[in-house]
Amino acid sequence: MAYWLMKSEPDVYGIDDLAAEPDGTEHWDGIRNYQVRNMFRDQFAVGDQAFFYHSNTKVPGIVGVMEVVSTAYPDHTAFDPKSGYYDPKSDPENPRWLMLDVRYVRHTERVITLAEMKADPALSEMPLVRRGNRLSVIPVSEAEWAHILELEKRHD
DNA sequence: GCCAACGTTGGC
DNA sequence: GCCAACGTTGGC
C-alpha cells in the first residue's frame with residue numbers, strides 16, 4: 001500500500017466538500033500534469049491512503065485523510081468544452097488525462113501546517129517542502145506518513 | 001498582489 | 001531539437 005499527499009485549493013474544493021459527498025466519495029479530476037497522470041496510471045492502487053492538503057490559502061497544510069477507492073480512468077472533464085479543464089487534444093478514443101476516486105476518511109485533529117513540516121528535519125526529503133516543487137500529487141513514504149500522524153497529536 | 005520556479009508551446 | 005515566450009502554481 002502506498003501513501004500520497006494531494007493538494008486542492010479550499011476555495012475550489014476543500015476537505016469539507018469531500019466529507020459532504022454521498023458516501024464521502026468523489027473523483028479527483030482536473031489533473032493536467034504528465035508526472036501526476038503517470039502516478040495515477042502506474043502507482044496508485046485501491047486502498048492507498050492520502051493526505052488532503054489545502055493549498056493557496058492562508059495557512060497551507062494537511063487537513064484530512066482519504067482513501068483511494070478506484071484505479072485511474074479517463075478524465076471526462078477534458079472532453080467537455082464547457083469545462084474549465086477542457087483539453088481539445090484529449091478525446092474519448094485516446095484519452096490523455098486520467099482521474100480516480102477517493103473517499104473521505106476523516107479530518108485531521110488540527111491543520112498540520114506546511115511551515116511545521118518544512119521545519120521538521122524528518123520531513124526534509126519530502127518533495128512537498130522542496131524548493132520549486134509544483135506537483136499537486138506527491139508521494140509520501142511510510143516513515144513520513146507515520147511521522148506526520150505523530151505530529152498531528154502534538155499540540156502547542 | 002507579487003513573483004520565483006518550472007512546464008508547455010511553437011517558431012525556426 | 002533548441003530555446004524564448006508564455007502560462008500556471010502556490011507560498012508569502
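The model shown is predicted, which means the values in this text are computed figures rather than measured ones.
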*Asks:* Taking only N and O in the side chain of A:Lys7, is any of them less than 4.0 Å away from OP1 or OP2 of C:dT9?
*Replies:*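 Checking A:Lys7 against C:dT9: no side-chain N or O falls below 4.0 Å of OP1 or OP2.
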*Asks:* Quiz question: by atom type and distance under 3.5 Å, do the side chains of A:Asp101 and A:Tyr73 form a donor-acceptor pair?
*Replies:*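 Looking only at side-chain atoms, A:Tyr73 and A:Asp101 do form a donor-acceptor pair, the distance falling under 3.5 Å.
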*Asks:* Would you kindly give the CG-to-C1' distance between A:Asn56 and C:dG10, to the nearest whole Å?
*Replies:*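 Whole-Å distance recorded here is 5 Å.
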*Asks:* A:Gln35 has a side chain; which of B:dT9, B:dG7, C:dG11 sits nearest to it?
*Replies:*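 Given the options B:dT9, B:dG7, C:dG11, the side chain of A:Gln35 is closest to B:dG7.
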*Asks:* For A:Arg134 and C:dC6, give me the distance from atom CZ to atom C1', rounded to whole Å.
*Replies:*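 Value for this atom pair: 12 Å.
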*Asks:* If we ignore angles and hydrogens, is there a donor and acceptor under 3.5 Å between the side chains of A:Asp75 and A:His27?
*Replies:*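 There is no such pair (donor and acceptor under 3.5 Å, judged by atom type) between the side chains of A:Asp75 and A:His27.
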*Asks:* From C:dT8, B:dT8, C:dG11, pick the nucleotide closest to the side chain of A:Leu114?
*Replies:*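 So the nucleotide nearest the side chain must be C:dG11.
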*Asks:* Without decimals, in angstroms, what is the distance between A:His54 NE2 and C:dC12 P?
*Replies:*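 Roughly 17 Å, once rounded to whole Å.
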*Asks:* Does A:Lys89 have a side-chain nitrogen or oxygen under 4.0 Å from the phosphate oxygens OP1 or OP2 of B:dT8?
*Replies:*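 Negative; the distance criterion is not met.
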*Asks:* Would you say A:Tyr53 places a side-chain N or O within less than 4.0 Å of OP1 or OP2 belonging to C:dG11?
*Replies:*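 Indeed, a polar side-chain atom of A:Tyr53 lies that close.
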*Asks:* Any idea which heavy atoms bring A:Phe51 and A:Trp145 closest together, and the distance?
*Replies:*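 A:Phe51 and A:Trp145 have their closest heavy atoms at CE1-CE3, 3.2 Å.
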*Asks:* Is A:Lys118 near enough to C:dC12 that one of its side-chain N or O atoms lies under 4.0 angstrom from OP1 or OP2?
*Replies:*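 Answer yes for this pair, as a side-chain N or O of A:Lys118 is under 4.0 Å from OP1 or OP2.
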*Asks:* To the nearest angstrom, how far is A:Met126 atom CE from C:dG11 atom C1'?
*Replies:*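 Result: 16 Å.
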*Asks:* Contact class for A:Leu135 (heavy atom, under 4.0 Å): base, sugar-phosphate, or nothing?
*Replies:*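 Sugar-phosphate, backbone atoms only, no base.
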*Asks:* Using atom CG of A:Asn133 as one end and atom P of C:dC12 as the other, report the distance to the nearest whole Å.
*Replies:*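 Checked: the CG to P distance equals 13 Å.
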*Asks:* To the nearest Å, give me how far apart OH (A:Tyr34) and P (B:dT8) are.
*Replies:*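 To the nearest whole Å, that distance equals 7 Å.
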*Asks:* Could you tell me the separation between the CG atom of A:Asp87 and the P atom of B:dG7, rounded to a whole number of Å?
*Replies:*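 Rounded to the whole Å, the gap is 18 Å.
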*Asks:* Round to the nearest Å and state the distance from A:Arg37 atom CZ to B:dG7 atom P.
*Replies:*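 Taking CZ of A:Arg37 and P of B:dG7, I get 15 Å after rounding.
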*Asks:* Going by the rule side-chain hydrogen bond (donor to acceptor under 3.5 Å, both in side chains), which residues pair with A:Glu125 if we only count those two or more places apart in sequence or in a different chain?
*Replies:*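 Partners of A:Glu125 by the side-chain hydrogen bond (donor to acceptor under 3.5 Å, both in side chains) criterion, ordered by chain and then number, come out as A:Arg130.
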*Asks:* Going by distance alone, is a donor N or O of one side chain under 3.5 Å from an acceptor N or O of the other, for A:Arg32 and A:Thr77?
*Replies:*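 On atom types as modelled, these side chains qualify, holding a pair under 3.5 Å.
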